[in-house]
Number of protein chains: 2
Amino acid sequence: MKISVLGEGMHCRSCHDCTARGFAICAALDKTELRELAQLSRHVRFESGATVFAQANIATSFFSVHAGTLRLYKLLPDSRRQIVGFALPGDFLGLPGLPHHEFSADAVGRVTLCQFPKESFATFAEKRPQLLRRMVELAGHELARAQEHMVLLGRRSAEEKIASFLISWRDRLSGIGRGGEILPLPMKRLDIADHLGLTIETVSRTFSKLERDGVIQTFASGVVLLDTPRAEALSAGVS
Amino acid sequence: MKISVLGEGMHCRSCHDCTARGFAICAALDKTELRELAQLSRHVRFESGATVFAQANIATSFFSVHAGTLRLYKLLPDSRRQIVGFALPGDFLGLPGLPHHEFSADAVGRVTLCQFPKESFATFAEKRPQLLRRMVELAGHELARAQEHMVLLGRRSAEEKIASFLISWRDRLSGIGRGGEILPLPMKRLDIADHLGLTIETVSRTFSKLERDGVIQTFASGVVLLDTPRAEALSAGVS
DNA sequence: AGATGTTGTTGATGCAGATCAATCGCCGGA
DNA sequence: TCCGGCGATTGATCTGCATCAACAACATCT
């Protein structure tokens, strides 16, 4: 049987067997509501590097990540960049109550998303306390992650930053059932640098150092944690 | 008439004429609901430096700041500290869905708070979509602030950090009707340093430089912005 | 196969901000 | 009035990471 490829603007055929279901916003919904919500949504796809939305533009949609990774970033006028996070399947993009996008988002590799028009999603959510509760919960988790990242940016050394990043990336992936021996890093060195408040050279040097020290082994598409306890100690900020 | 001083454990006498009402979570409630919620709450007071709750402890209450300033911070095992934010009147403390406090909070100067037992607040909120909507909204604003702060921590120079901090502090104060010629800074230099990812010496030097350059004038209890456009330019990351 | 572009690594050098250290102003208590 | 402690300021020096520069490893195109 031929797998049909989803194009931009195509309706989601089935939320029921969606692989991102368990962790996404829709986990809060029952079968009927799920079908209703599916009516509002479109499945959209973006190729590697494509911009999903840009900072300061008016937000007309919310998104829920279905597959792939996105980088979420803010730019300063002189083009310094801070990646405020990476979005993975199940993550919700968009903040009710803020008219503009607070950051830009683009695809790291190929990405598929559920897109909801802001207005109709808001109307749908208005009368559904469990959905709202779930949104508060997701926002809370996001906020906790953001605060942890502030500690990293403000108070950790380059080596600790890299180790923390690897550990938290591993934990996020395993949280959505993507754990494994090899830790895939779909983003480039420059993305990691702009996420951790470092330069690309320092990121590269630090990976090399961790490899020399036997903490990790690097591959084209990711790393393997050889000495997890050591990585976790660095990540925790001990020694 | 003698003003009675509220002690720990005393009930809030009147949410109706609460000075933090307009911006707090309670703005979403009508008169009846307000009275119901008041039944659940206690007004509590903390003296300067007192700890309201500590990171990793089980959260049994939510709080809404009534008056004063709190510092919210995370500690690394070796006692490095990152202040993830300052809470002002109207700010809500506590995240539904996370059992533990994600950070510690203590009073900067005298503080009064509305305290809600977590369980009863959750029950109260469960059936009130406008309240939940308001919580999503507040969480969204908080998240946007956190992301802006990541840019500051990861990508700005010391001078830009101080200028950004002053501008955003000014904007927050004016947002709750506390704007004015002189910008009060109730927190100490060490707090500012731990908020901006700097040392106390660099903070002090940078204040001195901004004063030498005629951008600000420092006082015991705050600063005056003499050259606001220049401060805003630094804050925006231009030049 | 050779040319070209993209990404990552490594080396040499510079500098912003950390660290170490001394001093000052201010307030409260003896 | 003097003393002790805390917070802030300022100076001297050090260092972790940025910057500048060269090159290596691959992939894509001709």
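Everything numeric in this text was worked out from a predicted model, so none of it was measured.
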- Out of C:dG17, D:dT10, D:dA21, whichever nucleotide has its closest atom nearest the side chain of B:S157: C:dG17

- Item | Nucleotide nearest B:L198 when distance is taken to its side chain, options C:dA18, D:dT9, D:dT19 | C:dA18

- Task: Kindly state whether the ring of A:F63 and the ring of A:F92 have centres lying under 6.0 angstrom apart.
- Result: no

- D:dG5 P sits how many Å from B:L190 CG, rounded? 20 Å

- Query: What is the distance, rounded to the nearest whole Å, between atom CZ of A:R189 and atom C1' of C:dT10?
  - Reply: 14 Å

- Separation of B:K209 atom NZ from D:dT10 atom P, in whole Å? 14 Å

- May I have the distance from A:D194 (atom CG) to C:dT7 (atom C1'), rounded to whole angstrom? 15 Å

- Item | Under-3.5 Å donor-acceptor pair between A:R205 side chain and D:dG16 base | no

- Query: So, B:K74 side chain and B:S104 main chain: donor-acceptor pair closer than 3.5 Å or not?
  - Reply: no

- Stacked cation flag B:R81 on B:Y73, 6.0 angstrom / 45 deg: yes

- Query: Quick one: B:D191 CG to D:dC6 C1', roughly how many Å, whole number?
  - Reply: 14 Å

- Task: Tell me whether the OP1 or OP2 atom of D:dT9 has a side-chain N or O from B:S204 closer than 4.0 Å.
- Result: yes

- Message: Side chain of B:E201, heavy atoms from C-beta onward: which of D:dA21, D:dC17, D:dT10 has the nearest atom to it?
- Response: D:dT10

- Message: Between B:H43 and B:Q115 (side chain of the first, backbone of the second, donor and acceptor by atom type, cut-off under 3.5 Å), is there such a pair?
- Response: no

- Task: Report which part of the nucleic acid B:S208 touches: base, sugar-phosphate, or nothing (heavy-atom distance under 4.0 Å, all strands).
- Result: sugar-phosphate

- Task: Would you indicate which nucleotide in C:dA18, D:dA8, D:dA18 comes nearest to any side-chain atom of B:T202?
- Result: C:dA18

- Taken to the nearest whole Å, NZ/A:K188 to C1'/C:dG5 is 13 Å

- Query: Could you state the CZ-C1' distance from A:R212 to C:dT10, rounded to the nearest angstrom?
  - Reply: 10 Å

- Task: Return the value, rounded to whole Å, for the distance between atom CZ of B:R155 and atom P of C:dG17.
- Result: 13 Å

- Task: Establish, yes or no, whether the cationic atom of A:R170 lies under 6.0 Å from the six-membered ring centre of A:F165 and within 45° of the ring axis.
- Result: no

